[in-house]
Amino acid sequence: MENIDFSLVDWSRAQFALTAMYHWLFVPLTLGLSFIVAFMETLYVQSGNPEWKRITKFWMSLFGINFAIGVATGIILEFEFGTNWSNYSWFVGDIFGAPLAIEGIMAFFLESTFIAVMFFGWNKVSKKFHLLSTWLVAIGSNLSALWILVANGWMQYPSGMKFNPDTARNEMINFWEVLFSPIAINKFLHTISSGYVLASVFVLGISAWYLLKNREHQLAKKSILVASAFGLITTAFVVLTGDGSARNMAKYQPMKFAAMENLYVGQQNAPLVAIGILKEDGKEASHKKQDFRFEIEIPNMLSYMAFLDPNAYVPGIQDIVLGNPEHHIMSFQERSAKGKIAINSLADYKNARKAGNDSLSMVSLENFEANYAHFGYGYYSGRDMQELIPSVPTTFYSFRIMVGLGVHFGALFLVVLLLTLKNKIEKKRFILYTALWSIPLAYIASELGWVVAEVGRQPWVIQDILPTIAAVSQLKPSSVQITFWMFFIIFTGLLIAEIRIMTTRIKHGPDDNQESPITNH
Amino acid sequence: MFEALSYITLQHYWWIIVSLLGAILVLLMFVQGGQTLIYTLGKTDDERTILINLLGRKWEFTFTTLVTFGGAFFASFPLFYSTSFGGAYWVWMLILLAFILQAVSYEYRSKANNFLGKRIYETFLFLNGIIAPLLIGTAVATFFTGSKFSVNLLNITLLTGNKMPVISEWTGPAHGLEAALNLHNLMLGLTLVFLTRVLALLYFMNRLNHGEMMERVKKQLLVNSIPFVILFLTFTIWTLLSDGFAVNPKTGEVFMESYKYLHNLLQMPVVAILFVLGVALVLIGIIRPLTCFEKCSTKGIWGAGIGTILTVFALFLLAGFNHTAYYPSTYDLQSSLTIENSSSSYYTLTAMSYVSLLVPFVIAYIWIAWRAIDSKKIDMEELNSESHIY
């Protein structure tokens with residue numbers, strides 16, 4: 001471990017987190033709003049009512065403002081795999097690169113080609129062709145989410161691959177296993193549906209603002225109807241897939257699960273802490289704390305959530321660190337020892353091959369393969385093993401706030417939908433204000449979902465196999481620090497620009513003619 | 001069907017795809033070239049708006065092609081991704097930075113209350129227009145001139161000592177900036193700057209409906225073509241006369257060979273034909289509009305465009321085919337990357353090859369969509385009838 005430059009690793013992580021979180025400020029709205037405008041345009045084409053066209057074009061203009069900056073932050077993420085995680089790019093590039101390339105070929109071109117028709121084709125192509133283009137933009141952007149989330153799901157639960165010691169990397173042996181890995185599919189569905197919820201809250205909130213200002217009644221009420229119906233259905237979907245996520249996590253990433261639940265000591269009939277305030281940072285504690293200042297528990301719920309069995313045993317952080325033979329859990333120390341055998345055997349194998357020593361290379365290969373499942377643990381030993389525990393408070397609170405807000409959105413959609421159907425929504429100012437103020441909450445919930453997923457799996461880039469310390473590029477920490485601040489300033493500046501443009505556009509309303517920059521004729 | 005191909009054939013197939021994407025990317029960078037000409041050609045705000053809208057309807061294709069080029073390179077030659085991006089860090093970071101600025105500038109430039117003001121977004125477009133072709137050009141030139149790095153797969157097993165367990169290491173602190181300052185590399189970078197400007201002018205000729213600006217376009221075409229041709233010839237002759245990085249096909253050993261790229265050209269007649277044909281088409285595409293403006297001005301982009309694709313494609317093949325190390329290391333020759341030692345596995349290349357069958361389909365729908373929205377030339381009237389303007 002003395003050879004690891006932790007400052008480099010931390011800055012590289014910070015830069016990636018910064019880019020990812022900024023990117024995610026824009027993506028969910030793109031995912032959801034693209035479908036919402038497609039619904040609206042469909043209603044226009046079916047009914048021929050020009051009001052629907054006006055509504056479609058208004059939301060489409062907001063879509064365009066948001067889309068540009070999503071694209072800008074997205075390209076950085078793609079290249080950062082190479083610039084900042086060069087080992088990673090080789091170690092798993094054989095598997096990870098494919099979804100990225102497919103994303104480009106299959107999804108991005110669809111999106112960028114038809115977005116041009118969507119914006120510039122109103123007077124040039126037929127109604128039906130335009131509608132088709134709008135749908136293709138929605139499909140294209142969601143397809144791009146599929147591929148990148150397949151890649152992310154694979155990192156959380158590597159499958160369909162085998163390590164090739166001659167090339168010192170993992171190689172794909174089954175494309176379908178990578179694509180249809182249960183984690184990948186669940187993650188995809190959970191993520192896109194959360195984007196639909198965010199977009200619904202966005203449309204709902206802005207429409208509520210119009211009603212509060214006593215403007216644009218037609219547009220607002222029609223939009224609210226679409227958004228609350230879409231939001232309600234997709235919230236149900238988020239809950240369903242979120243439940244699947246939790247079960248996957250308990251099965252494949254027990255440490256993340258334990259951290260998220262602040263569960264230090266494993267137990268049967270584990271209760272779920274619905275609301276709780278932690279007493280201290282778990283990492284400082286000696287793996288034995290499980291204290292709350294305050295908590296509300298649901299008995300047996302955690303066991304049920306994780307394994308669909310109220311009596312099931314849920315391992316705690318302590319069990320995973322120290323091992324628990326009764327439940328067949330290996331300690332960090334054992335896994336670290338096995339990981340070191342794997343790493344050293346790989347070196348022995350390669351050296352023996354070079355020297356032409358066949359018997360030694362065979363033995364080394366056997367040793368390597370027997371211990372490969374613990375490869376990543378080999379980079380840690382002794383006190384460093386603290387690094388293998390993710391931040392408990394971060395994941396614990398993030399998860400609860402996310403779920404709490406999800407429940408809030410579901411209730412909001414239901415209430416708003418009922419009030420709209422009864423034509424009473426305009427008078428319920430409190431509900432309208434709640435809808436408006438839910439917009440920032442939707443962004444918070446969405447970001448926190450990624451915090452749970454990514455902070456919760458630290459230090460792994462590839463679960464159990466490649467930790468961040470062995471994935472990073474060899475750079476000066478100061479270089480990464482400079483680019484971190486560079487991106488920080490630019491992204492923040494662009495975000496301010498985006499919000500200002502967006503709010504101005506909303507204030508001007510759908511009949512804004514200021515968009516035309518032509519000054520003299 | 002791809003299962004029937006050998007590993008080396010698949011590696012060659014993917015080098016062809018990556019080269020083709022690179023070639024299309026260079027052509028589509030006419031958007032960048034155009035961004036550097038906005039103030040040269042557009043004397044009033046309206047004129048600049050017309051130009052920006054002309055480019056704005058195409059910028060996403062350049063961007064998407066860059067992203068796909070990166071993704072395809074990653075998927076097919078991951079060791080390049082790992083070595084070059086992590087190594088030549090500053091060059092790639094500056095390129096990325098330039099592209100972030102571009103992505104928002106079109107959409108935000110003319111919007112009310114846009115925080116930075118119209119001028120700044122136009123400056124962003126200018127910066128992107130210069131930096132992207134210049135640095136991408138110098139980065140591609142290192143395919144012929146080499147960089148200083150070492151690759152050791154065994155480094156991943158380093159648990160002690162003072163070396164990080166990193167397989168690709170860049171030597172020297174400039175992390176890629178040294179390549180951008182090398183004169184030979186700079187020749188290609190500057191070639192690209194002027195080429196993209198020339199292509200943009202030809203594109204404007206094809207799409208623009210504005211008499212006064214057209215006169216300026218015509219004048220600029222001559223002004224930019226001369227440095228382009230001189231720079232291109234300098235780079236090409238310099239490269240063909242230089243020592244190149246050859247690979248011994250039996251041992252995989254990399255060694256220096258005099259006139260390697262000239263030999264490649266002569267030993268691969270198909271590539272030579274593509275190259276000569278490409279250069280000829282580019283020249284015809286430039287000269288014809290200059291000599292017979294009335295009839296030929298709209299056609300120049302076709303000749304020069306197809307010519308650019310063929311020429312760049314041939315250059316990539318010269319760098320990677322015929323037992324050549326396409327990403328050579330001058331620090332440690334044996335660390336040089338070849339299409340054999342840096343590619344993905346047989347399985348992945350096969351799977352990806354099936355995906356590549358989608359490409360003709362993609363090109364077909366891009367064609368249909370473009371024809372649908374590009375039916376009219378652009379002028380003030382056209383823009384005023386639009387609901388979405390940059």
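Every value quoted in this text rests on a predicted model; they were computed, and no experiment measured them. Naming: A, B, ... by sequence-line order, numbering from 1 per chain.
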* Which answer fits Trp367(B), side chain, backbone, both or neither, if we ask what part of it has an atom under 4.5 Å from a heavy atom of chain A? -> neither
* To do: Below 4.5 Å from any heavy atom of chain A, which atoms of Ser84(B) appear? Answer side chain, backbone, both or neither.
  => neither
* To do: Considering only NZ, NE, NH1 and NH2 on the basic side and carboxylate oxygens on the acidic side, decide whether Arg54(A) and Asp511(A) come within less than 4.0 Å.
  => yes
* Pairs of heavy atoms under 4.5 Å with chain B: top-ranked of Ile343(A), Leu100(A), Asn164(A) -> Ile343(A)
* Structure fact -> Max heavy-atom pairs within cutoff under 4.5 Å with chain A, candidates Leu159(B), Val355(B), Ile167(B), goes to Leu159(B)
* Pair listing, salt bridge (charged side-chain N to carboxylate O under 4.0 Å, His left out) test, anchored in residues 153-174 of chain B, at least two apart -> Lys163(B)-Glu169(B)
* Heavy-atom distance under 4.5 Å to chain A: side chain of Leu154(B), backbone, both or neither? -> side chain
* **Winner by heavy-atom pair count (cut-off under 4.5 Å) against chain B, out of Val117(A), Ile75(A), Val125(A)** => Ile75(A)
* To do: Heavy atoms only, distances under 4.5 angstrom: which of Ile4(A), Ile102(A), Ile115(A), Ile173(A) has the most pairs with chain B? Name it, please.
  => Ile173(A)
* Neighbour count >12 (heavy atoms, 6.0 Å) for atom NZ, Lys507(A) -> no
* If you tally heavy-atom pairs under 4.5 Å against chain B, which of Ala497(A), Gly93(A), Ala168(A) wins? -> Ala497(A)
* Contacting moiety of Trp90(B), where chain A heavy atoms sit under 4.5 Å -> side chain
* Test item: side-chain donor near acceptor, Tyr106(B) and Asn53(B), under 3.5 Å -> no
* **Met352(B), part contacting chain A, at a heavy-atom distance under 4.5 Å** => side chain
* Where on Tyr121(B) is there a heavy atom nearer than 4.5 Å to chain A: the side chain, the backbone, both, or neither? -> side chain
* Asked: Any luck finding a side-chain donor-acceptor pair between Trp14(B) and Ser353(B) under 3.5 Å?
  -> yes
* Asked: In terms of heavy-atom proximity below 4.5 Å to chain A, should Ser343(B) be classed as side chain, backbone, both, or neither?
  -> backbone
* To do: Classify the ring geometry between Phe85(B) and Phe80(B) as parallel (under 30°), tilted (30 to 60°) or perpendicular (over 60°).
  => perpendicular
* Check: Ser364(A)/Asp348(A) side-chain N/O donor and acceptor closer than 3.5 Å -> no
* Is the distance between the ring centroids of Phe81(A) and Phe96(A) less than 6.0 Å? -> yes
